[in-house]
Structure formats: C-alpha cells, structure tokens
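Report on one structure; see the data block that follows.
Predicted model, so just to flag it, every value in this text is computed and none were measured.
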Amino acid sequence: MAFALTLGGVAFVLAIIWASPFVRTLRLLRIGKRIRIEGPQSHFSKLGTPTMGGSLILATVLVVTVIANVVEIVRQREIAEGIVIPLAIMLAFGVLGAVDDWSGIRGKRKEEAEGLYVRTKFIWQGLIATAAAALLHWRLGLRGVAIPTIPVQLNMGLLYVPAAVFIIVGSSNAVNITDGLDGLAGLLLVAAFGAYGVISAMQDQMYLARFCFIVVGACFAFLWFNAHPAQVFMGDTGSLALGATLGVVALLSGQWLLLAIVAVVPVVELISVVMQVGYFKLTGGKRIFKMAPLHHHFEMTGWSETQVVQRFAIVGFIAAMLGIALAMA
C-alpha cells in the first residue's frame with residue numbers, strides 16, 4: 001500500500017512538471033474550447049480555453065504504470081494482463097475522445113461546437129467495450145459479481161459480457177457528461193479511483209491498487225490547472241477514457257455493483273440527461289430540469305459554478321467512503 005501511494009505521488013510530480021509546457025503548447029496550437037450557444041451564459045468566458053488536457057493524465061498514467069509494473073508484466077501473465085487490459089481500454093477510448101475533441105475544434109461541426117455524431121461515438125464505444133468485456137471474460141476468466149454482505153461472488157456466466165459492456169459504456173458516458181464545470185470531473189474521478197484503490201488493496205489486488213493511485217495522482221496534477229478559473233479542460237480525450245477505465249477497474253475488482261454508489265454523481269448526471277431527453281420527446285418540448293445535465297440545472301437556479309463543484313464533490317467523496325464500507329461488509 002505504501003508503494004501504491006508513493007506511485008500516486010510520483011505521478012503527481014511528473015504530471016506537474018510537464019503540465020505547464022503542455023498547456024502552453026495547446027495554446028500555441030489554438031486547441032481551444034468552443035462553447036455551445038444554448039449553454040449557461042456564464043460559460044462564454046471559457047471560450048478558447050485549451051482542451052484535450054486529459055491526454056496529460058493518460059500519458060502520465062501510461063508511463064508510470066508501465067515502469068512501476070515492468071517486472072510483473074514480464075514475469076506474471078495474469079497480473080500482466082490485468083495491467084495491460086485497463087491501459088489498452090484507456091488508450092482506445094482516449095483516441096476516440098481525441099477524435100471527438102478534434103472534430104469539435106477543426107471538424108465540419110465546429111461552428112456548432114459539436115464533435116462526432118452521438119450515434120457514431122456510441123457505436124465505437126460499444127465495439128471497444130465489447131472487446132474489453134470479451135478479454136475480461138475469456139482471457140482473465142472473470143464472470144462473477146460481488147454482492148455486499150455475501151462472501152461468495154455470484155457467477156453470471158455469459159451474462160457477464162453484456163453486463164460488462166453496459167458498465168464500461170455507461171461509466172464512460174457518465175464521466176463525459178459530468179465534465180462540464182471547472183474541477184468537477186477531476187475531483188469525482190479522484191474520489192472514485194481512490195475508493196477502488198482502497199478496495200483493491202483490501203482484496204490483495206495490489207497491481208490494481210497501484211494503478212488506481214497512479215490515476216489519482218495524475219488527476220490531482222491536472223486539477224492544479226483545471227481549478228476555477230480553468231487553464232485547461234479535460235475534454236472527451238480524458239473524460240471518455242477515464243470513465244471507461246473506471247468501469248474496467250470496477251469489473252477487475254469484482255465490486256462493480258458498487259460503482260453506482262462510488263460514482264453516484266456521474267450516474268445521476270447521466271440519468272438526468274436521459275430523463276430530460278425522454279421527457280422532452282414524450283411531451284413535445286416540456287422539460288423536467290431547467291437544463292441538463294444536472295450541474296447546469298443548479299447553475300440556472302442560482303448556484304455559482306464553484307458552489308456546484310464543491311457540493312457535488314462533497315457528495316462524491318462521501319459516496320466513495322460508503323462504497324468502501326460496503327465492500328468491507
């Protein structure tokens with residue numbers, strides 16, 4: 001555990017070192033955020049802020065994880081695959097997110113501040129998640145789910161594969177939707193990965209615990225520059241990748257039922273969008289919330305951006321603590 005926490009510190013220091021030149025490079029290349037017209041008016045001050053900052057997190061996690069686990073990767077196949085699979089999924093979703101970000105900056109839909117079409121993005125998410133689920137099930141032999149207070153995992157058989165696809169795609173989109181305010185997604189990811197780091201350590205999955213705390217350290221470094229007013233945004237490059245990776249980590253731990261609690265804020269944010277869109281279509285234009293996702297609703301009711309982020313983060317950290325407690329039950 002001490003080594004895992006130390007790796008988190010190393011990831012933080014490394015990311016901090018190359019963050020400033022990275023942000024300057026994004027500014028020089030004019031890789032800046034575009035703001036949707038229908039969004040809150042206060043967000044127009046963010047126009048042009050560098051995006052795709054999530055690549056800083058992904059690069060740090062990749063480098064530190066490989067160096068820290070090089071012996072296990074070479075000598076122990078099971079542990080090696082448990083390390084390589086989440087890294088591969090993180091990079092695959094990161095590439096998809098980068099394409100989405102780039103399409104919104106330089107692509108055909110840049111005037112609408114839109115990236116890839118939702119259907120196109122969803123299809124690619126499904127394909128990558130299916131490949132991940134297949135590897136987890138047939139390569140690593142995962143097919144169970146832990147239920148709090150029950151000592152034996154429930155064997156799901158082949159149902160594990162569609163369940164895993166749902167978890168990965170759902171987690172990816174939940175974090176992506178949550179990434180709309182300075183510091184919000186980063187803080188919630190710190191809480192969630194920190195919780196699964198502790199859970200993994202309790203289950204003697206130290207390779208997974210190390211990975212989680214490396215992500216935590218890299219996210220903290222990103223938050224140094226993403227705190228309000230943000231100097232850089234995570235973008236879909238980071239949110240899609242880290243959300244999917246969180247789902248994979250939950251699946252590797254076997255405690256993926258707890259993901260709905262550990263990541264309760266992103267889950268609720270995703271549900272708010274589904275409810276808003278569904279109700280809008282059913283009623284011919286009526287809305288449940290002033291604006292979806294939920295963080296924008298609270299902004300529209302008068303909460304400041306900082307208030308929303310701090311209050312949502314408090315809920316996220318309490319939820320993460322509850323998730324750890326249930327895993328111990």
Check: Phe22 and Pro50 side chains under 4.5 Å, non-hydrogen atoms: no
Plane angle bin for Tyr160 and His137 - parallel if under 30°, tilted between 30 and 60°, otherwise perpendicular: parallel
Point-to-point distance, once rounded to the nearest 0.5 Å, from CE of Met52 to CH2 of Trp102: 7.0 Å
same_hphob_cluster(Val277, Met291) at 4.5 Å side-chain heavy-atom cutoff: no
Other residues, nucleotides, ligands: >12 heavy atoms within 6.0 Å of Met321 CE: no
Donor-acceptor contacts under 3.5 Å from residues 247-266 side chains, at least two apart:
from	atom 1	to	atom 2	distance (Å)
Ser253	OG	Ala250	O	2.7
Ser253	OG	Gln255	N	3.1
Gln255	NE2	Gln203	OE1	3.0
Trp256	NE1	Gly144	O	3.3

Intermediate values then yes/no, side chain to side chain contact (heavy atoms under 4.5 Å, CB included), Arg287 and Tyr279: CA-CA 6 Å; Arg287 304 172 186 269; Tyr279 190 74; 5.6 Å; no
Ile318 reachable from Met328 in the ILVMFWY side-chain graph, under 4.5 Å edges: no
Gap separating the CD1 atom of Ile288 from the NZ atom of Lys286, nearest 0.5 angstrom: 12.0 Å
Same cluster (ILVMFWY, side-chain, under 4.5 Å), Phe122 and Phe166: no
Pair Thr237-Asp101, side-chain donor/acceptor within less than 3.5 Å: yes
Val232 and Phe225, any side-chain heavy atoms less than 4.5 Å apart: yes
Separation between CG of Leu322 and CZ of Phe317, rounded to the nearest 0.5 Å: 15.0 Å
Pairwise side-chain contact, Leu96 with Leu116, heavy-atom cut-off 4.5 Å (strictly under): yes
Nearest heavy-atom neighbours spanning Ala129 and Val169: CB-CG2, 3.6 Å
Contact summary for Ala133 and Val165, nearest pair of heavy atoms: CB-CG2, 3.8 Å
Met234 side, atom CE; Cys219 side, atom SG - distance, nearest 0.5 Å: 5.5 Å
Can I get a per-line list of side-chain donor-acceptor pairs under 3.5 Å for residues 306-313, giving both atom names and the distance, sequence neighbours left out?
from	atom 1	to	atom 2	distance (Å)
Gln307	OE1	Ser304	N	2.9
Gln307	OE1	Ser304	OG	3.4

Flag side-chain contact, heavy atom, 4.5 Å: Leu87 against Val66: yes
Leu62-Phe211 co-clustered via ILVMFWY side chain contacts under 4.5 Å: yes
Rounded distance (nearest 0.5 Å) linking atom CG of Leu58 with atom CG of Leu242: 5.5 Å
Joint hydrophobic cluster, Ile167 plus Val267, side-chain heavy atoms closer than 4.5 Å: yes
Leu246: which of Ser171, Ser172, Cys212, Pro86 passes side chain to side chain contact (heavy atoms under 4.5 Å, CB included): Ser171
Leu208 and Tyr196: CA distance, side-chain angles, deciding distance, side chain to side chain contact (heavy atoms under 4.5 Å, CB included) verdict: CA-CA 9 Å; Leu208 192 58; Tyr196 274 107; over 6 Å; no
Non-hydrogen atoms of Ala244 and Ile89 that approach each other most closely: CB-CG2, 4.2 Å
Derivation of the side chain to side chain contact (heavy atoms under 4.5 Å, CB included) call for Phe93 and Ile128: CA-CA 8 Å; Phe93 272 85; Ile128 300 170; 3.4 Å; yes
For Val274, all residues meeting side-chain contact (heavy atoms from CB on, under 4.5 Å), sequence neighbours excluded: none
Residue pair Asp179 / Phe233, side-chain heavy-atom distance below 4.5 Å: no
Nearest heavy-atom neighbours spanning Ala209 and Gly197: CB-O, 3.5 Å
Residue pair Gly194 / Val216: nearest heavy atoms and the distance that separates them: N-CG2, 3.6 Å
Derivation of the side chain to side chain contact (heavy atoms under 4.5 Å, CB included) call for Asn176 and Lys121: CA-CA 12 Å; Asn176 181 234; Lys121 185 161 60 174; 3.9 Å; yes
Value rounded to 0.5 Å, distance of CH2 in Trp303 from NE2 in His295: 13.0 Å
For the student: nearest non-hydrogen atoms of Ile57 and Ala218, plus distance: CG2-CB, 3.8 Å
Check: His297 and Lys290 side chains under 4.5 Å, non-hydrogen atoms: yes
